[in-house]
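So the structure is just underneath, and the comments pick up after that.
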Amino acid sequence: MYKTKAYSAASATSPLASATIPRRDPNEHDVQIEILFCGICHSDLHSVRNEWSSLMPTVYPIVPGHEIVGRVTEVGSAVTKYKPGDLAAVGCLVDSDGTCPECQAGLEQLCPNQTLTFNSPDKHLGGVTYGGYSDSVVVDERFVLRLPSNLDLAGAAPLLCAGITTYSPLRRWGVTRGKKVGVVGLGGLGHMGVKFAHALGAHVVAFTTSPGKKEDALRLGADEVVVSRNADEMQKHAGSFDFILDAVSADHDINAYINLLARDGTLTIVGAPEKPLAVSAFSLLMGRRNLAGSIIGGIAETREMLDFCGEHNITADVEVIPIQKVNEAYERLLRSDVKYRFSIDMASLKSE
Ligand SMILES: NC(=O)c1ccc[n+]([C@@H]2O[C@H](COP(=O)([O-])OP(=O)(O)OC[C@H]3O[C@@H](n4cnc5c(N)ncnc54)[C@H](OP(=O)(O)O)[C@@H]3O)[C@@H](O)[C@H]2O)c1
Ligand SMILES: [Zn+2]
Ligand SMILES: [Zn+2]
């Protein structure tokens, strides 16, 4: 075991602050990574503030962060795919049983015995796992990913959660050329959804509550932008979508979007608001529509997504911040005031 610097929160109402945490020494299959950048996902904020307490209560202190890119510093004796000096990335998962039907199907994100990057029981050290707001991390090589060499590192970090979480459902529900696709909420996830849906050739409509994001949405790849608070603008699209991806972090009326689906269309939720969303049965009955959910993606699909980003030169639009600004960043995230993902330059942690 060794000690490494991190930022942690002591309770649901405490700010994140400098701390020292333990990490295991690399075992034979482990890769030790010096973290260079870590994205700030809204899930970090939900977890720090214990907003998912009924499903996965937060254990304090918590070190969030699951959009990790860095450089390999040490590898265990059995590691074959990585060596010191390589760039490497880690997303939301650091372990799974590898044997259940989900793992066998390459769907580690659905494994009942998975270990999340933070706030999951830590099989090695006891307590819970600590995430990427930290100097270094030690991860089994099965859950370490290789980055395409052409991608900017700060912008690549958010691919590890926001990227795969939007890429996976767009692929799963067959988004291609000729399909009309909506993306709701232009945050970290939503802006990646727009980029991917555009790259897959769909006709993309971005829905935002922030009129100030209209120009950006077009630049990101949307063909049309709808300010969702305008009922007339919404009505123009009634019954017309093949697929809608809902990436909203807070309470909102999903029936307004279900009503925009064409016959047999699907609305897939990736946003994870604290409170349940009310669904009108009639929104679904009329038009035989589908309501679905999706959570991150498996390791093989994450590799596929990273390759896709390498080929299409896709990264997140990031605002790079030092770790000392993380609490301010959380407040701005709550106001939908980020274009479009914060990426923490972890070099800033060295001065703590
Ligand atoms: N399923 C998964 O695997 C998975 C993975 C990662 C994250 N998540 C969840 O996905 C959600 C989004 O994460 P994120 O990191 O993209 O968050 P984010 O950057 O904060 O983006 C959320 C966006 O939702 C919109 N929004 C916020 N409050 C709203 C409200 N009251 N009504 C309507 N729209 C609102 C805003 O977009 P506009 O300004 O455009 O309206 C905002 O930018 C979070 O709940 C997060 O926990 C799920
Ligand atoms: Zn996330
Ligand atoms: Zn499994």
Side-chain angles (χ1 to χ4, degrees), residues 38-49 51-52 56 64-68 91-93 95-118 131-132 142 157-169 183-194 206-214 216-217 220 222 225-229 245-254 256-257 268-275 277 292-299 316-319 329-342:
C38 183
I40 298 182
C41 179
H42 208 114
S43 302
D44 299 351
L45 190 157
H46 288 305
S47 302
V48 163
R49 303 199 175 170
E51 289 174 358
W52 295 334
M56 31 178 150
H66 56 204
E67 296 184 334
I68 298 169
C92 304
L93 293 166
D95 206 359
S96 73
D97 58 25
T99 55
C100 76
E102 313 302 345
C103 287
Q104 295 288 306
L107 301 170
E108 295 87 355
Q109 78 275 28
L110 305 178
C111 174
N113 301 309
Q114 64 185 210
T115 305
L116 296 170
T117 304
F118 62 83
R142 289 188 300 128
L159 301 178
L160 279 301
C161 176
I164 183 62
T165 301
T166 49
Y167 179 85
S168 180
V183 178
V184 188
L186 268 188
L189 265 58
H191 96 290
M192 290 308 306
V194 168
F207 292 92
T208 181
T209 59
S210 310
K213 294 181 182 174
K214 237 175 150 167
D216 279 345
L220 294 167
V225 189
V226 172
V227 176
S228 52
R229 301 203 198 280
L245 189 69
D246 182 334
V248 174
S249 54
D251 192 26
H252 61 292
D253 177 16
I254 52 167
Y257 297 100
T268 295
I269 296 178
V270 287
E274 179 179 5
K275 300 207 172 64
L277 297 164
S294 187
I295 186 157
I296 47 174
I299 294 300
D317 284 27
V318 289
E319 178 176 339
Y330 274 30
E331 293 313 312
R332 286 181 51 198
L333 198 58
L334 279 175
R335 297 197 299 267
S336 306
D337 172 26
V338 50
K339 292 183 173 176
Y340 279 87
R341 195 58 139 187
F342 290 113

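Basis for what follows: all heavy atoms, side chains included, without hydrogens, waters or symmetry-related copies. Atoms within each ligand, like the ligands themselves, are counted from 1 in listed order.
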Numbering the atoms of ligand 1 from 1, which are under 4.0 Å from a heavy atom of [X]?
{"X": "Thr209", "answer": "33 (C), 34 (N), 38 (P), 39 (O), 40 (O), 41 (O)"}
{"X": "Ile295", "answer": "1 (N), 2 (C), 3 (O)"}
{"X": "Val270", "answer": "1 (N), 2 (C), 4 (C), 8 (N), 9 (C), 10 (O), 48 (C)"}
{"X": "Lys213", "answer": "37 (O), 38 (P), 39 (O), 40 (O), 43 (O)"}
{"X": "Cys161", "answer": "5 (C), 6 (C)"}
{"X": "Trp52", "answer": "47 (O)"}
{"X": "Ile296", "answer": "2 (C), 3 (O)"}
{"X": "Leu333", "answer": "19 (O), 20 (O)"}

Which residue holds the protein heavy atom closest to [atom], what is that atom called, and what is the gap in Å?
{"atom": "atom 22 (C) of ligand 1", "answer": "Ser249 OG, 3.5 Å"}
{"atom": "atom 15 (O) of ligand 1", "answer": "Arg341 NH1, 2.6 Å"}
{"atom": "atom 2 (C) of ligand 1", "answer": "Thr165 CG2, 3.4 Å"}
{"atom": "atom 26 (N) of ligand 1", "answer": "Val248 CG1, 3.9 Å"}
{"atom": "atom 12 (C) of ligand 1", "answer": "Ala247 O, 3.4 Å"}
{"atom": "atom 20 (O) of ligand 1", "answer": "His42 ND1, 2.7 Å"}
{"atom": "atom 7 (C) of ligand 1", "answer": "Ser43 OG, 3.2 Å"}

Nearest non-hydrogen contact with [atom] belongs to which option: [options]?
{"atom": "atom 19 (O) of ligand 1", "options": "Gly188, Gly212, Gly271", "result": "Gly188"}
{"atom": "atom 38 (P) of ligand 1", "options": "Thr208, Val227, Ile40", "result": "Thr208"}
{"atom": "atom 36 (C) of ligand 1", "options": "Ser336, Ser47, Gly91", "result": "Ser336"}

Side-chain contact test, heavy atoms from C-beta onward, threshold under 4.5 Å: evaluate it for [X] versus [Y] and give yes or no.
{"X": "Val270", "Y": "Ser294", "answer": "yes"}
{"X": "Leu160", "Y": "His66", "answer": "no"}
{"X": "Leu186", "Y": "Lys339", "answer": "no"}
{"X": "Phe207", "Y": "Asp246", "answer": "no"}

Problem set entry | Heteroatom test (N, O or S) for Cys41 near the Zn ion (ligand 2), limit 2.8 Å |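 Checking Cys41: at least one N, O or S atom is under 2.8 Å.
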Short N or O distance, [X] and ligand 1, threshold 3.5 Å exclusive:
{"X": "Ala250", "answer": "no"}
{"X": "Ser210", "answer": "yes"}
{"X": "Ser294", "answer": "yes"}

Exercise. Is the shortest distance from a Lys or Arg side-chain nitrogen in Arg341 or Glu67 to a carboxylate oxygen in the other one below 4.0 Å?
Worked result: yes
Can you tell me if [X] uses its side chain to pair, donor with acceptor, with the backbone of [Y] under 3.5 Å?
{"X": "Ser210", "Y": "Gly212", "answer": "no"}
{"X": "Gln104", "Y": "Gly98", "answer": "yes"}
{"X": "Glu102", "Y": "Leu107", "answer": "no"}
{"X": "Gln109", "Y": "Gly298", "answer": "yes"}
{"X": "Arg332", "Y": "Asp337", "answer": "yes"}
{"X": "Glu274", "Y": "His46", "answer": "no"}
{"X": "Ser168", "Y": "Ile164", "answer": "no"}
{"X": "Thr117", "Y": "Cys92", "answer": "yes"}
{"X": "Ser228", "Y": "Thr208", "answer": "yes"}

Exercise. With the Zn ion (ligand 3) as the point of reference, which N/O/S atom of Asp97 is the closest?
Worked result: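 Looking only at N, O and S atoms of Asp97, the one nearest the Zn ion (ligand 3) is named OD1.
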Exercise. Just checking, is any N or O donor in the side chain of His191 or Asp216 under 3.5 Å from an acceptor N or O on the other one?
Worked result: no
For this session: Give a yes or no on whether Glu102 keeps an N, O or S atom under 2.8 Å from the Zn ion (ligand 3).
Result: no
At under 4.0 Å between heavy atoms, which part of [X] makes contact with ligand 1: side chain, backbone, both or neither?
{"X": "Leu186", "value": "both"}
{"X": "His46", "value": "side chain"}
{"X": "Asp251", "value": "backbone"}

For this session: Start with the C-alpha gap between Thr115 and Leu93, add the side-chain angles, then the distance that decides, and say whether side-chain contact (heavy atoms from CB on, under 4.5 Å) holds.
Result: CA-CA 6 Å; Thr115 305; Leu93 293 166; over 6 Å; no
Exercise. Does Tyr330 reach ligand 1, in the sense of a heavy atom lying below 4.0 Å from it?
Worked result: no
Exercise. What atom name does the N, O or S atom of His66 nearest to the Zn ion (ligand 2) carry?
Worked result: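 This turns out to be NE2.
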